[in-house]
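As structure tokens, the structure follows; a few thoughts come after it.
Heavy-atom basis, side chains included; hydrogens, waters and symmetry copies ignored.
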Amino acid sequence: ITSVFQADDVTRVEPVRFPAGSSLMRFLAAPMLNGHHRASMRLLKAIGYWLRHPDWFYQAYLRPGWASRTTILLIMQTEDNHMKLRLGRSLFTLGRRDLVCALDGNGVPARIEMGHHVTRAFAEAVRGVPADSVAESLLNLPITAHILGGCPMGAHADAGVVDIHCQVHGYPGLYVVDGSVVPANPGINPSLTITALAEYAMSQIPPAPPHV
């Protein structure tokens, strides 16, 4: 992550570079499409784009050194979204029982208009080609990398999962130290926030008694 800038009141953008050897990620890219269409129409529009812009196809999928010349723009917003995770099976788990997601109320949007605007402007400025994720572009599915919440802090078990020390209510010695205790969406990559919470949780663990 090289920098962060505020695109509007609720949107932050983080340019990211990946190291050499990461070029297989190129196959997660697809053309950035305008408008909202069904999945079948999206695939046809993508194929049409590839045919009209063979240079895009070459740059994205064939030209060597993809990782060294590509900038990924992470789009983060402070808008709250919700989803439910449960044990189950889906196409993406290949029939195995695993965590699957279901949208709940205000679900995660697949398309963020400001993200598209910034990506196109950035591509024009660097003489590059704008791209999107395969999931959003072809399937109209969102990609969310940082799932937060689920084990909130509370004064007692009826108000939260952990207490102010990150210790699970009713289970002395069991601490939760990850993004699930983050109380709200920070609208930015949460790695440093999670690190700070982890350091705080470790400081709450009493020292071991001296050896007798």
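For S133 (side chain) and A29 (main-chain N/O), no donor-acceptor pair under 3.5 Å exists by modelled atom type. Judged purely by atom type and a 3.5 angstrom limit, T11 has no side-chain atom pairing as donor or acceptor with the backbone of A7. Using modelled atom types, one side-chain atom of N185 and one backbone atom of E79 make a donor-acceptor pair closer than 3.5 Å. Checking side-chain atoms of S23 against main-chain N and O of A67 turns up a donor-acceptor pair under 3.5 Å. Between the side chain of Q167 and the backbone N or O of G173 there is at least one donor-acceptor pair closer than 3.5 Å.
You'll find the side chain of R111 reaches within 4.5 Å of the side chain of E113, heavy atoms only. L139 places none of its side-chain heavy atoms less than 4.5 Å from the side chain of R42. Looking at heavy atoms from C-beta onward, T119 lies out of side-chain contact with H116 at the 4.5 angstrom threshold. Inter-residue side-chain proximity for V168 and Y175 is flagged as unmet; no heavy-atom pair is nearer than 4.5 Å. Looking at heavy atoms from C-beta onward, V177 lies out of side-chain contact with L197 at the 4.5 angstrom threshold. Contact annotation: the side chain of F5 approaches that of V118 to within less than 4.5 Å [non-hydrogen atoms, C-beta and beyond]. Put simply, the side chain of R96 does not reach to within 4.5 Å of the side chain of R89, judged on heavy atoms.
Centroid-to-centroid, the aromatic rings of Y61 and W56 come within less than 6.0 Å.
Taking CG of L33 as the reference point, atom NZ of K45 lies at 6.5 Å (rounded to 0.5 Å).
What you find for H165 and D163 is that their closest heavy atoms are N-OD1, 2.8 Å. Closest non-hydrogen pair, R17 versus T70, comes out as NE-O, 2.9 Å.
For the residue pair Q59/H53, the side-chain donor-acceptor check at 3.5 Å is not satisfied.
Under the 4.0 Å criterion applied to side-chain N and carboxylate O atoms, E14 and R12 are not assigned as salt-bridge partners.
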